[in-house]
Amino acid sequence: MTTRRRFLSTAVRLAPCAPVFASGAGTALASWVHTQDLGRTAPTARFWVPAKSAAADCGACHLSPETLDARHTHARGAVACQLCAQRCLIRRGDRGRCRARMNVDGSLRSLVYGRPLAVHVDPIEKKPFFHFLPGRTAYSLGTAGCPLSCRFCQNWEISQARPEDFDVAEVTPAQVVAAAAAQQSPVVAFTYNEPTVFTEYLLDIAGLARKRGLRSVLVSCGFMNEAPLAEMCRALDAIKIDLKGFSDDFYRAVSRAALAPVLRSIKQVHRSGTHLELVNLVVPTLNDADASLRDLATWVADELGPDVPVHFTRFHPDYQMLNLPPTPVATLERARALAMDRGLHYVYVGNVPGHAGNHTYCPSCRKLIVRRDSFFVTDNQIRRGACGFCGTKIAGVWDSDRRQKTEERRRETGDSRQ
C-alpha cells in the first residue's frame, strides 16, 4: 500500500497552476532573502490583536501559569495570535509555533495563503470520512506548518517545515475550485498539514466551492479557538478531528499541546450540526491502555451521542518514533469492542486493509451496508440515508441527500442555476 510519505513525494501535477510537492529553497542567504520578500508580500492574517489590546490576555498566551513570572513583558509591536489554542505572542520579525504566521511591522501576515505544497485527488475514505459521500473523490491540498509537534507525524516534511523552505507558485482560491471541478471531484479537502494555519485561504476556497455546488471538508487536529472554528463550521460541510489520546500528559509529551482545547472543538463542531468524524491513532505503550480507550469511548457516548463515527487507526513508526512497533491488530479490535460496548454505533479499525472493521454495519439489524476494500467502496446498501435492509436511518451525508442539499444551498446563496 502507498504510504503518505511516498504519496507526497511522488504525486503528479493535477492542474497547471497547482504545485504538488515543491523543492527546497537553496542556500541560507537565498532563504533569508526569500523570507523577507514573502513577509512583505504575504496578505494580512485574521484572528489576531495587538499585544497592547485589552483582548490580549497574558495568561492566554501560555499553556500553563507556571510560565508566567515578574519578568514577563510584551515587546513593543508584538501581536497576539487568536487563531489556535497556542495563543502565541509574536514579536516583530518572529512567527508563531506554526511557522506560518509572521509579525511584519506589527501586523500578522499569513505566509501560506495561496501556497499549497501538496495537491492530489484522493478517495474520501482516505481522510478518513466513512459517513460522508462514500465512494466519492476529494480534491485535496495542504500547505506548510502546524501548531503541534507530534513525534509520530507522517507528514512531518511539510507540517514541521517553514513556507519559505519550498519554491511554489501562487494558486488562487478560484484556481483551486476550478481545478477541483475539472477533476470532477465533488469535494475539496483541506488536509496533509494542519489546515487551521491557512484558515483564511481555506475559508475563501470553501466559499467559492459552495457557489459551484462543491462540498468542503477539513482534516484537523482540533486545536483551534472558538471564533475561527465557528466560521469554519459555517463554511465547511464535514470536519474530521484527530483525538490523539485521552490524556493531557500524552498531548503535552507527544504533541506539545493540550487535550482540553481539542475536546472543546469537538463539542463545538457537534453542536454546529456540521458532519463530524473522529480518529484516534492508537500508539503502542503510550495511549493504548484499556482505561484510556474506555474513557475516550465513554466521553464520546456521553458528550456527542452514539452516532458520531470513531476510527481507531493503526500506528506505523515514523518521524521521531521509529522505536515503536506498529499497533497490533488485536489492540485495535479491543478498542473497537470497548467503544461498541459503550453504545457507539459506528466504530472502525483503520489502516488495516481488508479488516471487517473497515465496513459499515446497520446498528439495528447489524447487516453489512457499506463494504470497503482499502480506500474504495465496493458495495453500498444505504438507500435515501437509511439501511436498505431494515430502513433504520444511518447517520451521515449520503449521495441520495446531495441534490436536496445542493438546491438548499443554491437558494441560500441566490444561485439560480439548475
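Worth saying up front: this structure is predicted, and the values here are computed from it rather than measured.
- With hydrogens and angles ignored, the 3.5 Å screen pairs no side-chain donor or acceptor of Gln86 with any backbone N or O of Cys88.
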Donor-acceptor pairs are to be reported for all side-chain atoms of residues 143-152 against protein atoms at under 3.5 Å, with residues two or more places apart or in another chain.
residue, atom, partner, partner atom, Å
Thr143, OG1, Asn193, ND2, 3.1

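- For the pair Phe129/Val397, no side-chain contact is recorded, criterion being any heavy-atom separation below 4.5 Å from C-beta on.
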For residues 294-306, which side-chain N or O atoms pair as donor and acceptor with protein atoms under 3.5 Å away, sequence neighbours left out?
residue, atom, partner, partner atom, Å
Thr298, OG1, Arg294, O, 2.9
Thr298, OG1, Arg342, NE, 2.8

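- Checked options Asn287, Leu263, Asn280; the residue passing with Phe246 is Leu263 (criterion: side chain to side chain contact (heavy atoms under 4.5 Å, CB included)).
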Item to check | Full working for side-chain contact (heavy atoms from CB on, under 4.5 Å) between Met232 and Val269 | outcome: CA-CA 9 Å; Met232 292 186 209; Val269 173; over 6 Å; no
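- The ring-ring contact (aromatic ring centres under 6.0 Å, His included) analysis of residues 91-119, with sequence neighbours excluded, yields the pairs Tyr113-Tyr201.
- A donor-acceptor contact under 3.5 angstrom links the side chains of Ser140 and Lys127, judged on distance only.
- Taking 4.5 Å as the limit, some side-chain heavy atom of Leu243 sits within range of a side-chain heavy atom of Tyr251.
- From Phe312, atom CZ reaches atom CG of Leu293 across 6.0 Å, with rounding to the nearest 0.5 Å.
- In this structure, the separation between CZ on Phe132 and NZ on Lys240 is 14.5 Å, given to the nearest 0.5 Å.
- Contact of the Arg40 side chain with the Arg109 side chain is not registered, since no non-hydrogen atoms from C-beta on lie closer than 4.5 Å.
- Within the 3.5 Å criterion, the main-chain N or O of Ser216 finds a donor-acceptor partner in the side chain of Asp237.
- Using a 4.5 Å heavy-atom threshold, the side chains of Asn351 and His316 count as touching.
- Taking both residues in full, the closest heavy atoms of Phe315 and Pro284 are given as CD2-CD, 3.7 Å, listed atom of the first, atom of the second, then distance.
- Residues Trp48 and Ser107 have side chains in contact (heavy-atom distance under 4.5 Å, counting atoms from C-beta outward).
- Salt bridge present: Arg95 and Glu164 bring a charged side-chain N and a carboxylate O closer than 4.0 Å.
- In Asp290, the CG atom is crowded: over 12 heavy atoms of neighbouring residues, nucleotides or ligands sit closer than 6.0 Å.
- Side-chain contact check for Leu208 versus Arg212: every heavy-atom pair is 4.5 Å or farther apart.
- Applying the side chain to side chain donor-acceptor pair (under 3.5 Å) test to Tyr348 and every residue at least two apart in sequence or in another chain returns His131, Thr360.
- Atom CZ of Phe190 is separated from atom CG of Leu218 by 8.0 Å, given to the nearest 0.5 angstrom.
- Between Glu277 atom CD and Ile266 atom CD1 the span is 12.5 Å, to the nearest 0.5 Å.
- Within the 4.5 Å cutoff, the side chain of Val262 has heavy atoms near those of the Phe223 side chain.
- Across all non-hydrogen atoms, the minimal contact from Leu111 to Ala42 is CD2-CB, 3.9 Å.
- Thr274 and Ser272 make their closest contact through OG1-OG, 3.0 Å (heavy atoms, listed as atom of the first residue, atom of the second, distance).
- Contact detail for Cys81 and Ile90: the closest heavy-atom pair is CB-CD1, 4.2 Å.
- In this structure, Asp165 CG and Arg99 CZ are separated by 9.5 Å, a value rounded to the nearest 0.5 Å.
- When all heavy atoms of Arg101 and Ala45 are compared, the closest pair comes out as NH2-CB, 3.2 Å.
- For Arg371, the salt bridge (charged side-chain N to carboxylate O under 4.0 Å, His left out) criterion is met by no residue, not counting sequence neighbours.
- In this structure, Ile124 and Pro134 approach most closely via the heavy-atom pair CG2-CA, 4.2 Å.
- Atom-to-atom distance recorded for Asn225:CG and Leu83:CG is 7.0 Å, nearest 0.5 angstrom.
- Within the 4.5 Å cutoff, side-chain heavy atoms of Arg87 are placed close to those of Gln82.
- A search for side chain to side chain donor-acceptor pair (under 3.5 Å) contacts involving Glu231 returns Arg46, not counting sequence neighbours.
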